[in-house]
Amino acid sequence: MASSRVSQLLGHVQTPAGECSLCILPRHRQVHTCGPNAQKYGSSIFKLTAAYKADTFADKVNLGVGAYRDDDNKPWVLPVIKKAKAILANDEALDHEYLPITGLPEFTSAAARLILSPDSVALKEGRVASVQTISGTGANHLGALFLSRFYEFNGEKQVFLSNPTWINHLAIFKNVGIAPIYYPYYDPKTIGLDFAGFVNSLRNAPKRSVFLLHACAHNPTGVDPTPEQWEQLADVILEQGHYAFFDCAYQGFASGDLDRDASAVRYFEQRGVPMLICQSFAKNAGLYGERIGALHVIGSTKAEADRVKSQLSVLQRSEISNPPSHGARLVSMILNDPQLFAEWQRDIKTMAQRIIDMRDRLFDILTNKLKTPGNWDHIVNQIGMFSFTGINAEQVNALIEKAHIYLTANGRISMAGLNSNNIDYFAENLDKAVRGTL
Ligand code: PLA
């Protein structure tokens, strides 16, 4: 009886054969996976990677997931990470005890300085609550969960996301009961920023709304506001009493310079915009699988930041209890040692520069060699890991099905997947897809 009531509540149908008709679990199970939203926000980016891996075509190309590859299409273990790993491996004093719930203190404090700068007034005044998280995704989740519990929403619990955004933002906020809604961001006509639309929605949103902002290297469009536009955005956000939810997954990848890529976040902090920052070391340290990131919540006083930190640790306790230590130790060592830090900066430049070179080469081939119809300036104007090509879903499909070139349905390509060996193949097939001859 109890079991069938649970099933009814979950709203799914059971077949006489004893299986749930939707998720095919035996009917005696009380938890089924066929809820109304199951699969809707699935892990399509990783499905794409799996399809690429299963493809046996010799010249296949993976431009799906935003993971850096070197010019030989190999994952790149940063030389500075190799060095830090060797130091850790030989450190007899290290043990495998639990970290504190809020993470390795030397890591979280250095991570906060990295994004906010050592001169940050909020840091000097002790107004930043920093917690180690499961990479950027975990930071987004913990930040969203924190707001869902403690933010004084003006009416409905809702978050404004750029249209488009990293697809996982939708699921992350929905999971904690915050409804995602879009603000205009990308303008397909100009293949650039719809700044007027963006400002308009900041003005028209209820006061004290939460706006998610990509700190740099916007995913998926590669289109960022200019410094002057950030200033105007801060003006309106302050006027309206909005809250800035910064997602910073690509510090260093936009320009090759960690400080320059942090400038929007730092500017907002200086202006006193209420905000939090989600930080990831997956991309800039090449530590994708290490799951190392941080959440920084800026309070208006030290007492407030202390209370925030205490609430974050309560939330973290029931979710993951203690964050993992290995990535935290690696990043902490690099951030706290001036020599290793300088070496890391060089590694970041190497990655960013290779991506910039690929942009120049792709632009040159499309424009000068193939004379592909349309304007391709955006390839060089966009920044960061991704380029939003502007091609439609049908053209994307043709590239996947006919040329074995894998990319997301919205036409986003990971520039890091291009290299000297495959760039001509990609450009030629993109050219054909645009001309409708593929
Ligand atoms: N925020 C943004 C804007 C991202 O693009 C990503 C990763 C993350 C957060 C989370 O990264 P992390 O948890 O690994 O630190 N986006 C990837 C991968 C690279 C993904 O979809 O998870 C992407 O291909 O879009």
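Remember, it's 1-based here, ligands and their atoms both numbered in the order they're listed. Computed from a predicted structure; not experimentally measured.
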Heavy-atom contacts under 4.0 Å between V65 and ligand 1: side chain, backbone, both, or neither?
both
Residues forming a ring-ring contact (aromatic ring centres under 6.0 Å, His included) with Y151, sequence neighbours excluded:
F153, Y243
Which residue and atom name correspond to the protein heavy atom nearest atom 13 (O) of ligand 1, and how close is it?
T137 OG1, 2.5 Å
Proximity of R291 to ligand 1 by residue part, where a heavy atom lies under 4.0 Å
side chain
Return the option from F281, Y250, Y288 holding the heavy atom at the smallest distance from atom 17 (C) of ligand 1.
Y250
G66 N/O to ligand 1 N/O under 3.5 Å:
yes
For A282, atoms of ligand 1 separated by under 4.0 Å from a heavy atom
14 (O), 15 (O)
Looking at F46, which atoms of ligand 1 are within less than 4.0 Å of one of its heavy atoms?
22 (O)
If you scan protein heavy atoms around atom 7 (C) of ligand 1, the nearest is K283 NZ, 3.0 Å
Applying ring-ring contact (aromatic ring centres under 6.0 Å, His included), name anything that partners H218, two or more places apart in sequence or on another chain.
Y185, H214
Sub-4.5 Å side-chain heavy-atom contact between L202 and Q240:
no
Would you check whether M385 reaches within less than 4.0 Å of ligand 1, judged by its heavy atoms?
no
A quick test of your reading: do over 12 heavy atoms of other residues, nucleotides or ligands sit less than 6.0 Å from OH of Y98?
no
So, E106 versus S332: side-chain donor-acceptor pair below 3.5 Å or not?
no
How about NZ on K83, more than 12 heavy atoms from neighbouring residues, nucleotides or ligands closer than 6.0 Å, or not?
no
No-hydrogen, no-angle side-chain donor-acceptor test under 3.5 Å, T408 and N410:
yes
Could you list the atoms of ligand 1 found under 4.0 angstrom from a heavy atom of G136?
12 (P), 13 (O), 15 (O)
min-distance protein heavy atom vs atom 22 (O) of ligand 1 -> W166 CZ2, 3.6 Å
Where's the contact between E290 and ligand 1, heavy-atom distance under 4.0 Å: side chain, backbone, both or neither?
neither
At under 4.0 Å between heavy atoms, is it the side chain or the backbone of D247 that contacts ligand 1, or both, or neither?
side chain
Under 4.0 angstrom from ligand 1, any heavy atom of Q279?
no
Only one of R127, E269, R266 forms a side chain to side chain donor-acceptor pair (under 3.5 Å) with S120, so which one is it?
E269
Is the contact between Y68 and ligand 1 made by the side chain, the backbone, both, or neither, using heavy atoms and a 4.0 Å cut-off?
neither
What orientation do W230 and F268 show, parallel under 30°, tilted 30 to 60°, or perpendicular over 60°?
perpendicular
Report yes or no: do R361 and N419 form a side-chain donor-acceptor pair below 3.5 Å?
no
Nearest neighbour in protein (non-hydrogen) for atom 12 (P) of ligand 1:
S135 OG, 3.4 Å
Short list, please: which atoms of ligand 1 are under 4.0 Å from a heavy atom of R412?
23 (C), 24 (O), 25 (O)
Return the CD to OG distance between Q311 and S313, rounded to the nearest 0.5 Å.
8.0 Å
